[in-house]
Asks: 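Below is the structure I would like to discuss, written out as C-alpha cells.
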Amino acid sequence: MSPAPRPAEPESDGKVRCGWSESSALYRDYHDDEWGKPLHGDDALFERMCLEAFQSGLSWITILRKRPAFRAAFADFAIDRVAEFGEADVERLLADPGIVRNRAKIEASIANARVARELDIGLDKLLWSFAPPPRPRPAALSDVPAVTPESVALAKELKRRGFRFVGPTTAYALMQATGMVDDHVADCWVSAGG
C-alpha cells in the first residue's frame with residue numbers, strides 16, 4: 001500500500017500517526033493494529049500477498065472494506081484450499097460483488113496458491129529472507145520509497161518461482177504491510193516491531 005503522502009498530525013486521542021491513516025477509522029485501526037507489524041505464517045502472508053495484488057490500481061481502503069468478503073470467498077486464504085480452486089471457483093468469484101472481480105487477479109491468486117503450496121522453504125521463510133536490516137524510520141511520508149533494491153529482488157525471485165501480480169511496487173507494499181520494513185514516520189506513536 002502506498003497511501004498519499006501527508007504529514008503526521010496528532011489525532012484527537014493525542015497520538016501522532018502517519019498522515020495517511022487519518023482519513024477514516026478503518027485506516028486508523030489498520031495503521032495502529034496491523035501495518036508495519038511483523039507478520040508470520042504462510043497463510044497469513046499469502047492473504048496479504050493476494051490483497052496487495054488486488055489493490056493494484058485501486059485504493060487500499062477499498063480492499064480493507066472488502067477484506068471480510070475476500071476472506072470468505074478465498075477460504076480464509078488457506079493456501080492448500082485455494083490451490084484446489086478450479087474454473088467453477090473462478091466463476092463463483094467473478095460473480096461475488098463483495099470482492100474485486102478481476103479475472104486476471106483471481107486467477108493469479110489461485111496460481112500463486114499452487115506455487116506457494118509447492119515451495120521447498122515455505123512462503124514465510126521465502127518472503128522474510130528479503131527483509132532488509134532495520135533502518136531509521138523516515139522523517140516524513142515523502143521519504144518513503146515506492147520500491148527498494150530488496151523489493152526488486154523479491155519480485156524477481158517470486159516471478160522466477162512462478163508467482164504472478166507481485167512486481168517491485170507490490171512487493172514493497174507487502175514488505176511494509178507485514179513489518180519487513182518499518183515505514184511509520186519517525187514521530188508516529190506505533191512502536192517498531194510491536
Asks: Take Arg17 and Val190, measure what side-chain contact (heavy atoms from CB on, under 4.5 Å) needs, and give me the verdict at the end.
Replies: CA-CA 7 Å; Arg17 291 178 172 84; Val190 175; 5.8 Å; no
Asks: For residues Thr170 and Ala53, report the shortest heavy-atom separation together with the two atoms involved.
Replies: CG2-N, 4.0 Å
Asks: Would Val147 and Val166 show up in the same hydrophobic cluster when neighbours are defined by side-chain heavy atoms closer than 4.5 Å?
Replies: no
Asks: Minimum heavy-atom separation for Tyr30 to Ala177, with atom names?
Replies: OH-CB, 3.5 Å
Asks: Determine whether a donor-acceptor pair (N or O, by modelled atom type, separation under 3.5 Å) exists between the side chain of Asp143 and the backbone of Ala140.
Replies: yes
Asks: Return the CG to CG distance between Leu45 and Leu123, rounded to the nearest 0.5 Å.
Replies: 5.5 Å
Asks: Side-chain heavy atoms under 4.5 angstrom apart, residues restricted to Ile, Leu, Val, Met, Phe, Trp, Tyr: same cluster for Val82 and Leu119?
Replies: yes
Asks: Can you give me the closest heavy-atom contact between Leu174 and Thr178, atom names plus distance?
Replies: O-OG1, 2.7 Å
Asks: Think Arg92 forms a cation-pi with Phe85, using NZ or CZ under 6.0 Å from the six-ring centre and within 45 degrees of its axis?
Replies: yes
Asks: With a 3.5 Å distance limit and no angle check, can you tell me whether Ser151 reaches the backbone of Pro168 through a side-chain donor-acceptor pair?
Replies: yes
Asks: Checking Arg28 side chain against Ser21 main chain: does a donor-acceptor pair fall under 3.5 Å?
Replies: no
Asks: Using a 3.5 Å distance criterion without hydrogens, assess whether the side chain of Arg48 forms a donor-acceptor pair with backbone atoms of Leu39.
Replies: no
Asks: Would Asp43 and Asp76 count as a side-chain contact (heavy atoms from CB on, under 4.5 Å) here? Give the steps.
Replies: CA-CA 8 Å; Asp43 290 345; Asp76 288 323; over 6 Å; no
Asks: Atom CZ of residue position Arg81 - does it have more than 12 heavy atoms of other residues, nucleotides or ligands inside 6.0 Å?
Replies: no
Asks: Minimum heavy-atom separation for Arg103 and Leu94, please, with both atom names.
Replies: NH2-CD1, 3.0 Å
Asks: Is the backbone N or O of Gly98 less than 3.5 Å from a side-chain atom of Asp96, with the two atoms forming a donor-acceptor pair by type?
Replies: yes
Asks: Check this for me: does any side-chain nitrogen of one of Glu157 and Arg160 sit under 4.0 Å from a carboxylate oxygen of the other?
Replies: yes
Asks: So which heavy atom on Val100 is nearest to which on Phe54, and how close?
Replies: O-CE2, 3.4 Å
Asks: Can we say Asp183 and Arg135 salt-bridge, meaning some charged N sits less than 4.0 Å from an Asp/Glu carboxylate O?
Replies: yes
Asks: Can you measure from NE2 (His184) to NZ (Lys37) and round to the nearest 0.5 angstrom?
Replies: 7.0 Å
Asks: Has Asp124 got a side-chain atom pairing as donor or acceptor with Asp42's backbone, closer than 3.5 angstrom?
Replies: no
Asks: As a quick check of understanding, evaluate side-chain contact (heavy atoms from CB on, under 4.5 Å) for Glu22 and His31, giving each step before the final call.
Replies: CA-CA 9 Å; Glu22 299 169 6; His31 169 272; over 6 Å; no
Asks: Got a salt bridge between Arg71 and Glu47, using NZ or NE/NH1/NH2 to carboxylate O under 4.0 Å?
Replies: yes
Asks: If you round to the nearest 0.5 Å, how far is OG of Ser129 from CE of Met180?
Replies: 9.0 Å
Asks: Rounded to the nearest 0.5 Å, what separates atom CD1 in Ile106 from atom CD1 in Ile99?
Replies: 4.5 Å
Asks: Salt bridge between Arg67 and Glu52, side-chain N to carboxylate O under 4.0 Å?
Replies: no
Asks: Between Pro132 and Val181, what is the shortest heavy-atom contact and its length?
Replies: CG-CG1, 3.5 Å
Asks: Between Leu126 and Leu158, does the side-chain contact (heavy atoms from CB on, under 4.5 Å) criterion hold? Intermediate values first, please.
Replies: CA-CA 9 Å; Leu126 173 63; Leu158 291 172; 3.8 Å; yes
Asks: Given the side-chain rings of Trp60 and Trp35, with only the six-membered ring counted for Trp, is the space between their centroids under 6.0 Å?
Replies: no
Asks: Nearest 0.5 Å, what's the SG-CG distance between Cys188 and Asp182?
Replies: 8.5 Å
Asks: Answer yes or no: is there a donor N or O on one side and an acceptor on the other, between the side chain of Tyr27 and the main chain of Trp20, under 3.5 Å?
Replies: no
Asks: When rounded to the nearest 0.5 angstrom, what distance separates CZ in Phe165 from SG in Cys50?
Replies: 11.5 Å
Asks: Can a donor-acceptor pair be found, under 3.5 Å and without considering hydrogens, that links the side chain of Lys105 to the backbone of Ser56?
Replies: yes
Asks: Taking side chain as C-beta onward, heavy atoms only, is Gln55 less than 4.5 Å from Thr62?
Replies: no
